[in-house]
Amino acid sequence: MSTLFNMDNPLWRGLGKVADLMILNIVFIICCIPIFTIGASLTALNYVTLKMHDGGEGYIVRSFFRSFRQNFKQATGLWAIMLFSGLILVLDIMILRSMEGVFASILTVIIIIVCIIWFMVFLYLFAVLSRFDNTVTNSLRNSFIMAIADFPRTFLMFLLYVAAVIVTLFNSTTLTWALLFWIMFGFATMSYWCTSFLGKIFHKYAPKEEDSSDPDHWDVDEIMGDGKAVDAVSADTEAADSRADDAAAKEPGTGADSTAAGYELPDAGADSAEGETDN
């Protein structure tokens, strides 16, 4: 029974993870409402889920808004580019559906391939922006390179989202339950699942440092202070100061050791005056 109420128990840790994903999902949906902030919200979502995947501790909401604020400008620009290009692709498909002939079929295949590439870049883009400091152009280019270089993982993430869409739109019953799932923790959960792939990919380009400070990390002992630790540090500091004073007293050429030894340092002004008298 004692292990059941242990907070390190896998059950409690799993429930805590679910609660974090629910909070993260609600914050994400609220921040996406203005539409033009979707890019910054996706970047912040990927930032938090990548931290969760790496085992980082901290405040979910504070981490989200920290990334949202820092990457807002670039994320908004990237979102505008992806939204505009995506709308053009959708319009092209709608136009081609009304056309007939071999040429229309060839164009349709080309547009479908471009749409797949667009979605592959979209899978990486805001996650790359959340992890790497780069320009808008380089973020697009690096997202494309990573998607192609790690195509097996990219394909698995692609299948994951396609399966989610198919299940959501399968019928009216699945649509009802799927909407509840997406509102409660769906977006955060999908992002967290994808970070199991993205985290491994990003580690190849930016290995995790052993001694890295997390600005969102917090610790109760650091906030409240540990009495024993503080007393030990104070004692060590006093002992070090005492040893430094003893060493200074024994070192020749200082005012402290001159008084202790019973002699005074010669006065430079007096020597100078005597030298002038002798001359």
Sequence neighbours excluded, which residues qualify as side-chain hydrogen bond (donor to acceptor under 3.5 Å, both in side chains) partners of [X]?
X: Trp193; answer: none
X: Thr176; answer: none
X: Thr195; answer: none
X: Thr135; answer: Asn138

Identify, with sequence neighbours excluded, every residue that meets ring pair (Phe, Tyr, Trp, His ring centres under 6.0 Å) alongside [X].
X: Phe144; result: none
X: Trp182; result: Phe187
X: Phe72; result: Phe68

So, the side chain of [X] versus the backbone of [Y]: is there a donor-acceptor pair under 3.5 Å, distance only?
X: Ser191; Y: Ala188; result: no
X: Ser41; Y: Cys31; result: yes
X: Ser67; Y: Phe64; result: no
X: Trp79; Y: Ala40; result: no

Can we call the ring centroids of Phe122 and Trp118 under 6.0 Å apart?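 Distance test on ring centres: under 6.0 Å, yes.
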How far apart are the C-alpha atoms of Phe28 and Leu42, what are their side-chain angles, what is the distance that settles it, and do they pass the side chain to side chain contact (heavy atoms under 4.5 Å, CB included) test? CA-CA 8 Å; Phe28 169 75; Leu42 286 170; 3.7 Å; yes
By side chain to side chain contact (heavy atoms under 4.5 Å, CB included), which residues pair with Asp133, not counting sequence neighbours?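 With sequence neighbours excluded, Asp133 shows a side chain to side chain contact (heavy atoms under 4.5 Å, CB included) to no residue whatsoever.
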Partners passing side chain to side chain contact (heavy atoms under 4.5 Å, CB included) against Asp150 (at least two apart in sequence or in another chain): Tyr124, Arg153, Ile201, Lys204, Tyr205
Pair listing, side chain to side chain donor-acceptor pair (under 3.5 Å) test, anchored in residues 14-37, at least two apart: none
Output the rest of the hydrophobic cluster of Ile145: all Ile, Leu, Val, Met, Phe, Trp and Tyr residues reachable through side-chain heavy-atom contacts under 4.5 Å, sorted by chain and number. none
Would you mind listing the cluster partners of Leu169? Hydrophobic ones only (ILVMFWY), side-chain contacts under 4.5 Å, chaining allowed.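 Cluster partners of Leu169: Val165, Leu175, Leu179.
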Is it the case that Asn171 and Thr174 place a side-chain donor and acceptor less than 3.5 Å from each other? yes
